[in-house]
Amino acid sequence: MKSIKWDIRRQGRAWERSEALERFDLTPEKTEMVGGRLYFSEEERLAMLGLLLENVGIDKAIRMGDIRLWKEAIEEVEKGETER
């Protein structure tokens, strides 16, 4: 995945005029499902996730799953364990 400098905060934010088109260019051409997954590649899925997290914020995102799993994932990242 190309290097993108995400600005993901606890609270979601609208993009500034200077970054909006650059961010929009990161969106996949169309929404599709391949083998039960949105978009064709992991790179497209991660780009869309980053874009949505910038707009929605971390506080809302973590409420969408089991908080214990979020904490477990954070602990693994802090320990430097490899990506699953």
Side-chain angles (χ1 to χ4, degrees):
M1 184 164 134
K2 72 180 188 177
S3 180
I4 301 168
K5 177 133 174 54
W6 296 110
D7 186 3
I8 298 169
R9 305 172 188 181
R10 290 196 55 198
Q11 303 303 315
R13 66 185 187 87
W15 295 309
E16 300 291 329
R17 183 180 197 136
S18 62
E19 64 185 338
L21 287 178
E22 178 184 319
R23 290 299 196 236
F24 188 75
D25 285 343
L26 295 172
T27 62
E29 187 176 324
K30 61 183 177 179
T31 300
E32 59 188 348
M33 188 182 324
V34 179
R37 291 180 178 255
L38 290 176
Y39 308 113
F40 178 73
S41 69
E42 185 77 359
E43 182 176 353
E44 289 177 324
R45 287 187 286 278
L46 288 171
M48 187 55 86
L49 177 60
L51 295 167
L52 290 169
L53 284 171
E54 282 187 337
N55 282 169
V56 173
I58 294 169
D59 286 9
K60 288 187 179 165
I62 64 169
R63 286 173 172 76
M64 296 183 78
D66 184 332
I67 192 70
R68 291 173 296 162
L69 295 176
W70 286 95
K71 289 178 180 180
E72 182 181 306
I74 291 167
E75 287 174 11
E76 287 182 17
V77 169
E78 289 176 337
K79 291 178 187 173
E81 295 182 19
T82 58
E83 189 175 310
R84 291 183 183 196

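Residue indices begin at 1 and follow the sequence shown.
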Please report, to 0.1 Å, the donor-acceptor pairs under 3.5 Å made by any side chain of residues 20-32, with sequence neighbours excluded.
unit_1 : atom_1 : unit_2 : atom_2 : d
R23    : NE     : E54    : OE1    : 2.8
R23    : NE     : E54    : OE2    : 3.4
R23    : NH2    : K5     : O      : 2.9
R23    : NH2    : E54    : OE2    : 2.7
T27    : OG1    : F24    : O      : 2.7

Is it the case that one hydrophobic cluster holds both W15 and M48, taking links as side-chain heavy atoms less than 4.5 Å apart, direct or via other members? yes

Is there a continuous path of hydrophobic side-chain contacts, each under 4.5 Å between heavy atoms, that joins L53 to L38? yes

Listed by chain and number, what are the side-chain hydrogen bond (donor to acceptor under 3.5 Å, both in side chains) partners of R45, not counting sequence neighbours? E42

Using the test side-chain hydrogen bond (donor to acceptor under 3.5 Å, both in side chains), find all partners of R63 that sit at least two apart in sequence or belong to another chain. none

Under the salt bridge (charged side-chain N to carboxylate O under 4.0 Å, His left out) test, which residues partner [X], sequence neighbours left out?
{"X": "R68", "result": "D66"}
{"X": "R17", "result": "none"}
{"X": "D7", "result": "R9, R13"}

Could you list the residues that satisfy side-chain contact (heavy atoms from CB on, under 4.5 Å) with I62, not counting sequence neighbours? I58, I67, W70

With sequence neighbours left out, what residues match E16 under side-chain contact (heavy atoms from CB on, under 4.5 Å)? S18, E19

To the nearest 0.5 Å, how far apart are CD1 in I74 and CD in E76? 11.0 Å

Using a 4.5 Å side-chain heavy-atom cut-off and chaining through intermediate ILVMFWY residues, the residues clustered with V34 come out as F40

What closest approach, in Å, do L51 and W6 show between heavy atoms, and which atom pair accounts for it? N-CZ3, 3.4 Å

